[in-house]
Protein chains: 2
Amino acid sequence: MTIEEIAKLAGVSRSTVSRVVNGDPHVRDEVRIHVQQIIDDNGYHPNAAARSLASRRTRIIGLLVPRAIGVVLQDPFFLHLIQGAVEGCNETDYLLTMLLESADVDISNQRVYDRVIRGRHIDGVVIASSVVEDPIVERLQQDGFPFALVGRHPHHDVSFVDVNNVDSAKLAVQHLIEHGYRRIGCITGPPNMIASIDRYAGYVMALQESGRAPDRSLTAEGDFTRRGGYRAMQELLNNGNRPDAMFVASDTMASGALQALRDAGLRAPDDVAVFGFDGLDHQLVSQPVLSTMVQPIRELGREAVKIVLSRVASNESAPTQRYLPTEMALRASCGCGAADAAAGNGAGRGGDA
Amino acid sequence: MTIEEIAKLAGVSRSTVSRVVNGDPHVRDEVRIHVQQIIDDNGYHPNAAARSLASRRTRIIGLLVPRAIGVVLQDPFFLHLIQGAVEGCNETDYLLTMLLESADVDISNQRVYDRVIRGRHIDGVVIASSVVEDPIVERLQQDGFPFALVGRHPHHDVSFVDVNNVDSAKLAVQHLIEHGYRRIGCITGPPNMIASIDRYAGYVMALQESGRAPDRSLTAEGDFTRRGGYRAMQELLNNGNRPDAMFVASDTMASGALQALRDAGLRAPDDVAVFGFDGLDHQLVSQPVLSTMVQPIRELGREAVKIVLSRVASNESAPTQRYLPTEMALRASCGCGAADAAAGNGAGRGGDA
DNA sequence: TTGTAAGCGTTATCAT
DNA sequence: ATGATAACGCTTACAA
């Protein structure tokens, strides 16, 4: 079935069929209905390649998931991000395609880049990486290809959407301080990710502003996985310098940390309080219920799509850098009691930067 | 940059450039090198839409991940499957695109289907669903669209790749029987998935062949998630009829079950032995080390891609139904001692069906 | 081995 | 509001 055949069947020109397909208002209702009928009857769907070639638009945007597929997809954070991005696309009649890099071969990733980006398979791309100095950002910038990051980027010319990780982490730690904990430790994310750096910075700032110096022996490095959080917590427990509270840079790690406490015969929050980050503890088996700093992850995904689309529409426009607000969810693990209610508490700046 | 410009720069016709780009051997080496040089110098990459339109091939295959994005992507099983599929594509210079269905709206999924499949965005599709009577299978069959399932399908006309879940589960349970356990329970997967049904069937067969009747009070239903396994195990422990061994239909669930045992103050394998399925316990925090039936998940992904590609190449060919072998990994949780070695033990039929 | 030319199925511009 | 007609950038017989 081609547009030509439909045109013939409907007794109109292919221009008219094209207009109907694309919702052009300049078609008589009578004609539109008739043509649409024939389209439906024959199960006609426009050929994507022909359409893209003629319109110079694919109506697809990519979601680039950087290497380490395993690590990445395992994190529930990504599920929400993806879901948000899919929603953002659906709302605008775009298609989302996940671009997967193979774990090992760097060359083949390069090939995928060329094929997909330079070959104009997609109109724009959302990048869910956010490691410091990801080379792909520069490539895209040079190619003048529309893109947006989920996770802030230092360069003022790069579009992104994020939460304010520094302020949010700081608020979380301040909350622990208000509880009266004296030895507040931290499990960080990988040191090459901006979110890790920012959250750690917030942790340090909160301590410093309350007149304390951060103690390196209370800090351990995780990798945003449950197992990483488990090991980091174990490490801290084994070095003989036990904290009475922990700020953990992700809920996934926090769930591992809680597990480590349990396995060590310790109780949270009585022996060690725990505060997480992300707001997806309900996806995990966590007990006690985790207190956490909630990010609007789905919104981040949607917003990233919106930004990309706006850049697709007009590539000349100024870059968009947007921060979405976070919210504290105070539950049992920080010592707030069994109350399961969330206390609203915007930490992000909100609105444009 | 278009092929035309490159041709002009190289002083050849665009056919020749096309031949070089596509690795056609009918080009003089001298010319090929010269043209390639110019291509590289100018960073030329063929336009995907134009290429597809002319060749009637997109060189993309889709990986359709059925609804419930959350449930599905969370399972490490999928990570391996995806990785395998990506590899299979890389090897053949195809692109893999993940087709995501939005969680809620059924209509939009339909739209995606039409746009992607009927619009010929992709040449073929791997379906990672495997729920009983997935309507999409029939749709694809009717449309004559190349596809392959990961997970067997009862219809003889449908191509798929799978392991023999019945036999494999049976072997696992027989192993538990050989250990001397008397009250062997089972945690199943969702009842609408073929893999669940088959594994449960294997469990029942093993019991029956050893002269026992399966006891419904020793069986609980999970959903292939860690949490689901946790709850199912709790349920069995609470009904007062404690098993001395468990066959759990996935490692993810098994890890939850082990957790439930620990939380109940029981030890594995001494109080309750546990045998898993999948072979991805190392991804999980499991203690003791889980005995499990290993599936070659990545191979399943690769193989599914291969099958789809062969059907793309010649749509007329007979459907391919292939079973890959499984392997028992006997570790501590079934009572085999701390030995971490894997005992080879092909359970699949191997080769074509 | 290389070039010529005819599509591939749309959209977009310009008349009417 | 509708219809011709010229792109869009490439592949692919077919000719040379």
Side-chain angles (χ1 to χ4, degrees), chain A residues 1-36 38-39 42-60 93 95 114-123 312, chain B residues 1-36 38-39 42-60 93 114-123 312-313:
Chain A
M1 266 296 133
T2 73
I3 201 176
E4 193 71 53
E5 305 180 67
I6 297 294
K8 200 155 294 171
L9 256 43
V12 297
S13 73
R14 59 168 179 252
S15 313
T16 298
V17 177
S18 176
R19 289 188 186 101
V20 171
V21 167
N22 294 292
D24 186 320
H26 300 290
V27 181
R28 256 194 321 169
D29 278 4
E30 198 183 314
V31 176
R32 178 207 321 294
I33 290 167
H34 176 225
V35 171
Q36 188 61 54
I38 295 197
I39 287 175
N42 293 274
Y44 163 75
H45 286 277
N47 178 288
R51 223 177 179 181
S52 302
L53 181 56
S55 68
R56 313 168 132 279
R57 283 274 151 84
T58 64
R59 298 200 76 79
I60 301 179
D93 199 37
L95 239 40
D114 285 340
R115 198 87 174 272
V116 174
I117 306 287
R118 308 260 252 251
R120 294 278 156 182
H121 256 298
I122 58 181
D123 292 341
V312 168
Chain B
M1 266 296 136
T2 75
I3 200 175
E4 193 71 51
E5 305 180 66
I6 296 294
K8 200 154 293 171
L9 256 42
V12 296
S13 75
R14 62 170 182 247
S15 320
T16 299
V17 178
S18 176
R19 290 188 185 100
V20 171
V21 167
N22 294 294
D24 186 319
H26 300 289
V27 180
R28 259 194 319 170
D29 278 5
E30 197 183 314
V31 176
R32 179 207 320 297
I33 289 167
H34 176 224
V35 171
Q36 187 61 57
I38 295 196
I39 287 176
N42 294 274
Y44 164 74
H45 285 277
N47 178 289
R51 227 177 177 181
S52 304
L53 181 56
S55 68
R56 311 164 135 280
R57 283 274 151 84
T58 64
R59 299 200 75 79
I60 301 179
D93 200 36
D114 286 340
R115 228 1 233 283
V116 174
I117 306 287
R118 308 264 252 255
R120 295 279 155 181
H121 257 297
I122 59 182
D123 292 341
V312 168

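In the text below, chain A, chain B and the rest are named by the order of the sequence lines, each starting its count at 1.
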Given dT11(C), dG3(D), dC8(C), the nucleotide with the shortest approach to the side chain of N22(A): dT11(C)

Whole-Å distance separating the NE2 atom of H26(B) from the P atom of dT11(D): 16 Å

Sugar-phosphate, base or nothing in reach of V31(A), heavy atoms under 4.0 Å: sugar-phosphate

For atom CZ of R19(B) and atom C1' of dT11(D), their distance in whole Å: 10 Å

T16(A) (side chain) and dA1(D) (base): donor-acceptor pair under 3.5 Å: no

Upstream residue (5' side of DNA chain C) when R14(A) and R28(B) are each assigned their closest nucleotide: R28(B)

Residue from D24(B), V27(B), T16(B) passing side chain to side chain contact (heavy atoms under 4.5 Å, CB included) with R32(B): V27(B)

Whole-Å gap separating P (dT2(D)) and CG (D29(A)): 10 Å

R51(A) vs dT11(C): side-chain N/O to OP1/OP2 distance below 4.0 Å: yes

Phosphate OP1/OP2 of dG9(C): any T2(A) side-chain N/O under 4.0 Å: no

Non-hydrogen side-chain atoms of V21(B) and R51(B) separated by less than 4.5 Å: yes

Phosphate contact (dT11(D) OP1 or OP2) by S18(B) side-chain N/O below 4.0 Å: yes

Value in whole Å for how far the P atom of dG9(D) lies from CG of N42(B): 16 Å

Atom-to-atom span, CD1 of I3(B) to P of dG3(C) - whole angstrom: 12 Å

Any side-chain heavy-atom pair of R57(B) and V312(B) under 4.5 Å: yes

Among dT12(D), dG9(D), dT10(C), the one nearest A50(B) by side-chain distance: dG9(D)

dT11(D) OP1/OP2 closer than 4.0 Å to side-chain N/O of S55(B): no

Sugar-phosphate only, base, or nothing, as touched by V12(A) at under 4.0 Å among non-hydrogen atoms: sugar-phosphate

Rounded interatomic separation in angstrom, taking CD1 from I33(A) and C1' from dA1(D): 15 Å

Nucleotide dT1(C), atom C1' - distance to CG of D24(B) in whole Å: 10 Å

First encountered from the 5' end of DNA chain C, between G11(B) and E4(A): G11(B)

R56(B) and N47(A) side chains, donor-acceptor separation under 3.5 Å: no

Atom-to-atom span, CG of L53(A) to C1' of dA7(D) - whole angstrom: 9 Å

N/O donor-acceptor pair, side chain S15(B) with base dT4(C), under 3.5 angstrom: yes

Test item: H121(B) and I60(B) side chains (from C-beta on) under 4.5 Å apart, heavy atoms: no

